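Written below as structure tokens is the structure these notes are about.
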Amino acid sequence: DVKVTQSSRYLVKRTGEKVFLECVQDMDHENMFWYRQDPGLGLRLIYFSYDVKMKEKGDIPEGYSVSREKKERFSLILESASTNQTSMYLCASSHRLAGGYNEQFFGPGTRLTVL
Amino acid sequence: QKEVEQNSGPLSVPEGAIASLNCTYSDRGSQSFFWYRQYSGKSPELIMSIYSNGDKEDGRFTAQLNKASQYVSLLIRDSQPSDSATYLCAVNRAGGTSYGKLTFGQGTILTVHP
């Protein structure tokens, strides 16, 4: 079974803190993704990585950065957390295939609260 | 126009009935279509993927794809209370280097009552 794990299920941080969210997958997937999910707004892509050290902005990258130093690990960084970044953060991974056969598998999510 | 549209529901069906969930998409170049189930407070779980026109069956689930009409559906036969969840439709983004990117619908809330 594909396994995607995230470092924390729940996290509480203060405004202005630097926050690291980590994601690890064990299926040798090329692609990794960070989403946030908010009521009424659905799943929104923050950043996407298609290879080690390669990254691409998603739909809402402002206020976030990412790091992918190893194939299995993808980190999301909130440089200076703000209250509007309170959300559920979901990591996903998939193979990278040109035909579009790219099933994404999700981690359990991190519910982040910024006070 | 939203890229992937679903009725938000809630869709309420009695136990044992067929639940029908619908999704339309705008990108004609999309090739891959997925249905995810998400229980409250949990992450999305992939339940079906479909890549060609027609029906694909897996247990009580049937996915239907009509690319000409840009329409995907999910049928759940013999619905159970444990099927109560939000169902997300996802469609791959076509073109460029978007290999693997998906666009998600807002989700349809399904409630199966005993």
Side-chain angles (χ1 to χ4, degrees), chain A residues 1-6 8-10 21 23 25 27 29-51 54-61 74 87-111, chain B residues 2-10 23 25 27-53 56 58 61 63 65 67 72 85-109:
Chain A
D1 277 353
V2 175
K3 190 145 186 196
V4 181
T5 57
Q6 295 183 229
S8 306
R9 291 300 308 275
Y10 300 94
L21 303 182
C23 175
Q25 50 93 6
M27 283 303 291
H29 283 163
E30 296 81 14
N31 290 339
M32 294 188 76
F33 307 84
W34 276 107
Y35 295 91
R36 63 178 284 178
Q37 187 174 33
D38 302 285
L41 297 176
L43 271 167
R44 293 181 291 168
L45 181 64
I46 304 171
Y47 263 99
F48 159 55
S49 170
Y50 51 91
D51 202 348
M54 305 306 287
K55 62 186 179 186
E56 203 172 287
K57 291 180 180 179
D59 302 316
I60 52 162
F74 191 33
S87 186
M88 169 72 98
Y89 289 87
L90 292 158
C91 175
S93 71
S94 77
H95 282 302
R96 179 174 171 78
L97 300 168
Y101 300 86
N102 301 298
E103 299 169 330
Q104 285 187 22
F105 297 91
F106 284 84
T110 296
R111 185 162 294 281
Chain B
K2 291 182 184 174
E3 294 179 35
V4 178
E5 287 208 55
Q6 298 180 249
N7 289 328
S8 60
C23 173
Y25 61 95
D27 188 345
R28 285 200 170 272
S30 295
Q31 299 173 309
S32 307
F33 307 86
F34 307 96
W35 284 99
Y36 287 83
R37 177 176 62 199
Q38 187 173 24
Y39 292 115
S40 181
K42 303 293 186 182
S43 62
E45 172 194 10
L46 180 68
I47 54 171
M48 289 288 285
S49 44
I50 187 165
Y51 307 108
S52 50
N53 281 329
K56 179 182 177 183
D58 184 359
F61 298 100
L65 173 61
K67 289 185 181 178
V72 192
T86 298
Y87 289 81
L88 302 173
C89 173
V91 175
N92 83 298
R93 302 187 194 190
T97 58
S98 296
Y99 299 155
K101 284 186 187 174
L102 300 179
T103 300
F104 288 83
Q106 295 278 343
T108 297
I109 299 169

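Everything numeric in this text was worked out from a predicted model, so none of it was measured. Note on naming: letters A, B, ... go to the chains in the order of the sequence lines (proteins, then strands), and numbering restarts at 1 for each one.
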Inset, instruction - Could you list the residues that satisfy ring-ring contact (aromatic ring centres under 6.0 Å, His included) with B:Y87, not counting sequence neighbours? - result: none
Legend entry - Toward chain B, the part of A:Q37 with a non-hydrogen atom under 4.5 Å: side chain
Inset, instruction - Could you have a look at A:L45, A:L43, A:L90 and say which one has the most heavy-atom pairs with chain B under 4.5 angstrom? - result: A:L43
Inset, instruction - Indicate yes or no for a side-chain donor-acceptor contact from A:S49 to the backbone of A:D51 under 3.5 Å, with no hydrogens or angles considered. - result: yes
Inset, instruction - Please look at A:R44 and chain B and tell me whether the side chain, the backbone, both or neither of the residue comes under 4.5 angstrom of a heavy atom of that chain. - result: neither
Legend entry - Partner residues of A:Y89 under the side-chain hydrogen bond (donor to acceptor under 3.5 Å, both in side chains) criterion, sequence neighbours left out: A:Y64
Inset, instruction - Sort B:Q6 into side chain, backbone, both or neither according to what part of it lies under 4.5 angstrom from a heavy atom of chain A. - result: neither
Legend entry - Salt-bridge contact A:D38-A:R36 (side-chain N to carboxylate O under 4.0 Å): yes
